[in-house]
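Below is one structure; the comments refer to it alone.
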There are 2 protein chains.
Amino acid sequence: MNIDRKDRQILEALQADARQSLAALGKRIGLSQPAMSERVRKLEEAGVIEGYGARVNLRALGVGLQAIIRIDTTHAGIAKYLKLFDAMPEVLSADRVTGESCFIVRCAIAEPADLERVVDALAVDGSVTTSLVLSSPVNKHVTVQAARTPKK
Amino acid sequence: MNIDRKDRQILEALQADARQSLAALGKRIGLSQPAMSERVRKLEEAGVIEGYGARVNLRALGVGLQAIIRIDTTHAGIAKYLKLFDAMPEVLSADRVTGESCFIVRCAIAEPADLERVVDALAVDGSVTTSLVLSSPVNKHVTVQAARTPKK
DNA sequence: GATGAAATTGCACATTA
DNA sequence: TAATGTGCAATTTCATC
């Protein structure tokens, strides 16, 4: 799929606010409402837009802190950990990575006492290194520049 | 703000698909359309819902790999890095953390050659440890269980 | 672009804790 | 008696031609 300037503007805008009306967005970037609908439909169909999600405030849901935990395990432990991640509601995301660790996991923790339980649970089959998140100063959308070499 | 069972269902559903109609969602969880609108409005107003965003496929935008880079710097370097993160389109997010590192940064890289440039740029005022993301097997919504101790 | 279908919003009223 | 939910009408938004 070929992504032109207007598509990029659309992606940018929908990342910032996915519930704005397509008509209003079209007016802003100079496109009629049906043209907008068609572009968005194609972006969805091509898998460029994977979905739309609400951003929720973790604090409001009782999550007092977040932790980023690195896990080092054996090759055999990997499958075991994948199951564990699925079973633990505190695990928000897990990335399999190269380097000294096998996984980098982000966890939502209600309060300090829960952190101990989570760390213990994650240490069953490997070693863990825990970093508490103090703040998240940067959280960007994917921008035009980040997509320097679009697939043809 | 008090969040009851229906609110949790709403949050869950809107995290999964933020563009579904409130009418359909209301029917599913047993609420009339205006009642749904009202609940969503209140969740937004209370800051529980911070916004709505499109999830875009990084591969489709030419991002061939992602890296998670830990940065260790001096206290004086922190402000400098915050500016640098803002200026670098490859930086998707940065968390300030406790532990041996000061920041954990996620970067979108077009191709391997760009990784070198990004790592070099991030190493100007501290030491970096780079992990390439092989896969992201877990990516969950915030669930009811994760919010064990809701604020009153 | 224009048109019909669907969704959202606003308002008056009922219900319940 | 507040707070919350319902039903209906008016407006806006969306999909198809």
Side-chain angles (χ1 to χ4, degrees), chain A residues 1-63 110 141-144 147, chain B residues 1-57 60-61 141-152:
Chain A
M1 162 149 198
N2 236 339
I3 292 171
D4 65 12
R5 211 179 108 71
K6 286 208 196 300
D7 287 324
R8 294 187 197 282
Q9 287 179 282
I10 292 170
L11 291 173
E12 188 85 24
L14 287 181
Q15 283 184 90
D17 179 8
R19 272 187 89 87
Q20 62 188 305
S21 86
L22 298 185
L25 179 52
K27 182 170 278 184
R28 205 138 42 79
I29 70 173
L31 230 48
S32 76
Q33 179 258 321
M36 269 296 302
S37 295
E38 181 64 8
R39 275 181 184 257
V40 171
R41 196 191 57 75
K42 276 187 182 155
L43 287 168
E44 290 170 347
E45 202 169 80
V48 178
I49 295 176
E50 295 180 329
Y52 305 92
R55 288 185 290 269
V56 307
N57 184 323
L58 295 183
R59 273 214 66 77
L61 287 180
V63 175
H141 305 147
V142 191
T143 57
V144 182
Chain B
M1 162 149 199
N2 236 340
I3 292 171
D4 65 11
R5 209 180 111 70
K6 284 204 197 303
D7 286 323
R8 293 188 196 282
Q9 288 180 282
I10 292 170
L11 291 173
E12 188 86 23
L14 287 181
Q15 282 184 92
D17 179 8
R19 271 186 88 86
Q20 63 187 305
S21 85
L22 298 185
L25 180 51
K27 182 169 281 181
R28 202 135 46 79
I29 69 173
L31 227 49
S32 77
Q33 193 190 43
M36 269 295 303
S37 295
E38 180 64 7
R39 275 180 183 259
V40 171
R41 195 192 60 74
K42 276 186 182 158
L43 287 168
E44 289 170 349
E45 202 171 77
V48 179
I49 294 176
E50 295 180 330
Y52 306 92
R55 289 186 290 269
V56 306
N57 183 323
L61 287 179
H141 307 147
V142 192
T143 58
V144 182
Q145 296 95 317
R148 200 164 278 116
T149 14
K151 268 204 301 196
K152 282 164 289 242

Does B/L25 reach the side chain of B/Q9, with side-chain heavy atoms less than 4.5 Å apart?
no
Please report the end-to-end axis angle for the helix from C/dG1-D/dC17 to C/dA17-D/dT1, five pairs per end, rounded to 10 degrees.
30°
Within a strict 4.5 Å, meaning less than it, do heavy atoms of the A/V48 and A/K42 side chains meet?
no
When we call it a touch if two heavy atoms are under 4.0 Å apart, what does B/K42 touch: a base, just sugar-phosphate, or nothing?
sugar-phosphate
Has B/S37 got a side-chain N or O lying under 4.0 Å from the OP1 or OP2 atom of C/dT9?
yes
Any side-chain heavy atom of A/V142 within less than 4.5 Å of one from A/L11?
no
B/V56 side chain reached by A/L14 side chain, heavy atoms, under 4.5 Å:
no
Distance (rounded to the nearest 0.5 Å) between A/K27 NZ and A/Q33 CD:
11.5 Å
Taking DNA chain D as the partner, which of residues 19-28 of chain A come within under 4.0 angstrom of it by heavy atom?
A/S21, A/L22, A/A23
With a 4.5 Å limit on heavy-atom distance, are the side chains of B/E38 and B/L31 in contact?
no
Side-chain heavy-atom pair A/L22, A/R39 within 4.5 angstrom cut-off
no
What does A/Q33 touch in the nucleic acid at a heavy-atom separation under 4.0 angstrom: a base, only the sugar-phosphate, or nothing?
base
Under 4.0 angstrom, heavy atoms only, what part of the nucleic acid is A/R41 near: base, sugar-phosphate, or nothing?
nothing
First and last nucleotide of DNA chain D touching chain A, 5' to 3', heavy-atom cut-off 4.0 Å?
D/dT13 to D/dT16
Decide, yes or no, whether a salt bridge links A/R41 with A/E44 under the criterion of side-chain N to carboxylate O below 4.0 Å.
no
Sidechain N-carboxylate O distance under 4.0 Å for A/R8, A/E12
no
Where B/S21 and B/A24 come nearest, the two heavy atoms and their spacing:
OG-N, 3.0 Å
